Number of protein chains: 2
Amino acid sequence: MRHIRVPGIMEVTVSAAHSPAGAETCDVREALDLITDKWSLYIISNLGGGPRRFNELKRVVSGVTQRMLTVSLRRLERDGVIIRTVHELMPPRVSYRLTPLGSSLLQAAAPLIAWSSSHISDIADARASYDRDSSRSVDIA
Amino acid sequence: MRHIRVPGIMEVTVSAAHSPAGAETCDVREALDLITDKWSLYIISNLGGGPRRFNELKRVVSGVTQRMLTVSLRRLERDGVIIRTVHELMPPRVSYRLTPLGSSLLQAAAPLIAWSSSHISDIADARASYDRDSSRSVDIA
DNA sequence: CTGTATCCGGTACGATACTG
DNA sequence: CAGTATCGTACCGGATACAG
């Protein structure tokens, strides 16, 4: 494994040790940006069940527009996460599937996805609580 | 655990079973949006090592502006992920720490963070390769 | 030290129309 | 079916100045 540049970011995986060094340039963002857009995580998770065609994805990734699906798929392809395969048929048929890199990404993202789905109500409650008290009730030490 | 609305999104955690149902409204996004902004994940990961003060975070989260740090912290506080504590001192001292919910989020995100840092070069290679061949060499079945 | 207020630009995203 | 092209906009995030 490569050396990590961002202090604190690896504390998670190793332990809770305090990182003494100052922050330098941040390489990790390059990879993290991969999934900090609106659709990538949903597309990837849907490809986890096997190859999908364009319109299959369009149907199952609720709310995505044709344009954004195309843009997202192109980007994921460029990043080596998915493979685009054109079947020479009429009507045209294009399928997308995860690369090994993509599969490993999906596995890594799975806990976060699971967390999200199981803590939706916690977050909603926290927001409601925050907005209700919105004004005072700050935590004073 | 609650029932999941987005087909495919849970295929990951359970198995690779194909989901038959169509897509409905997407609740998971609500929670996932928590970390699809530019700074939250970095802030949270830095708070994994214990409470931090405002300027500590500002130093260690490289590149963040004062404004965005404030905005991000407020949002995370509203979502119940962190707690803001004001110490009545002069000069003022404010510290931030993870809530139990925040800790669980960090744990869930840890694999993804680790994946990102260990696959930076893979992604860079894929991009270089994609850009080099940019024009044909499509995958024909 | 820990913020808030204001301005402002880039771009992510959506809507719509058109194409091989 | 699987896209492209074009246009419009909301908003994220940076820069800067100011404040308790």
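From a predicted model like this one, the values you see are computed outputs, not experimental measurements. Quick note on labels: first sequence line is chain A, next is B, and so on, each numbered from 1.
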Measure [atom1]/[X] against [atom2]/[N] and give the value in whole Å, please.
X: B/Leu34; N: D/dC12; atom1: CG; atom2: C1'; result: 16 Å
X: A/Arg59; N: D/dA2; atom1: CZ; atom2: C1'; result: 12 Å
X: A/Glu88; N: D/dA2; atom1: CD; atom2: C1'; result: 13 Å
X: B/Asp33; N: D/dC11; atom1: CG; atom2: C1'; result: 13 Å

Worked verdict on B/Asp79 versus A/Arg127 for salt bridge (charged side-chain N to carboxylate O under 4.0 Å, His left out): CA-CA 5 Å; B/Asp79 287 335; A/Arg127 285 178 184 166; 2.4 Å; yes
Here's a test of your reading of the structure: between A/Arg75 and A/Met90, which maps to the more 5' nucleotide of DNA chain C?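 The answer here is A/Arg75.
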Assert: residue with more 5' nearest nucleotide on DNA chain C, out of A/Trp39 and B/Pro92, is B/Pro92
Just so I know, are the side chains of [X] and [Y] near enough to count as touching, which here means a heavy-atom distance under 4.5 Å?
X: A/Tyr96; Y: A/Arg52; answer: no
X: B/Arg97; Y: B/Thr85; answer: yes
X: B/Leu105; Y: B/Leu101; answer: no
X: A/Leu41; Y: B/Thr36; answer: no
X: A/Lys58; Y: A/Gln66; answer: yes

Hey, which of these two, A/Val94 or B/Thr65, hits DNA chain D nearer its 5' end, going by closest nucleotide?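 It is A/Val94, whose closest nucleotide lies nearer the 5' terminus.
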Just the table, please: protein N/O against nucleotides 4-10 of chain D N/O, every pair under 3.5 Å.
residue: D/dT4; atom: OP1; partner: A/Arg74; partner atom: NH2; Å: 3.0

Run the salt-bridge test on B/Lys38 and A/Asp33 with the 4.0 Å N-O cut-off and return the result as yes or no. no
Rounded to 10 degrees, the angle between the two terminal axes of the helix from C/dC1-D/dG20 to C/dG20-D/dC1, each from five pairs: 50°
Counting any heavy atom closer than 4.0 Å, what does B/Lys38 reach on the DNA or RNA strands: base, sugar-phosphate only, or nothing?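 Sugar-phosphate contact only.
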How many angstroms lie between atom CD1 of A/Ile120 and atom CZ of B/Arg29, to the nearest 0.5 angstrom? 12.0 Å
What distance do B/Ile43 atom CD1 and B/Leu69 atom CG have between them, rounded to the nearest 0.5 Å? 5.0 Å
At the 4.0 Å heavy-atom cut-off to chain A, mark where contacts on DNA chain C begin and end, going 5' to 3'.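 Listing 5' to 3', DNA chain C meets chain A from C/dC13 to C/dG20.
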For the student: nearest non-hydrogen atoms of B/Ala108 and A/Trp115, plus distance: CB-CB, 3.5 Å
Just by distance, do the side chain of B/Ser116 and the backbone of B/Leu112 share a donor-acceptor pair under 3.5 Å?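 Looks like yes, one N/O pair under 3.5 Å.
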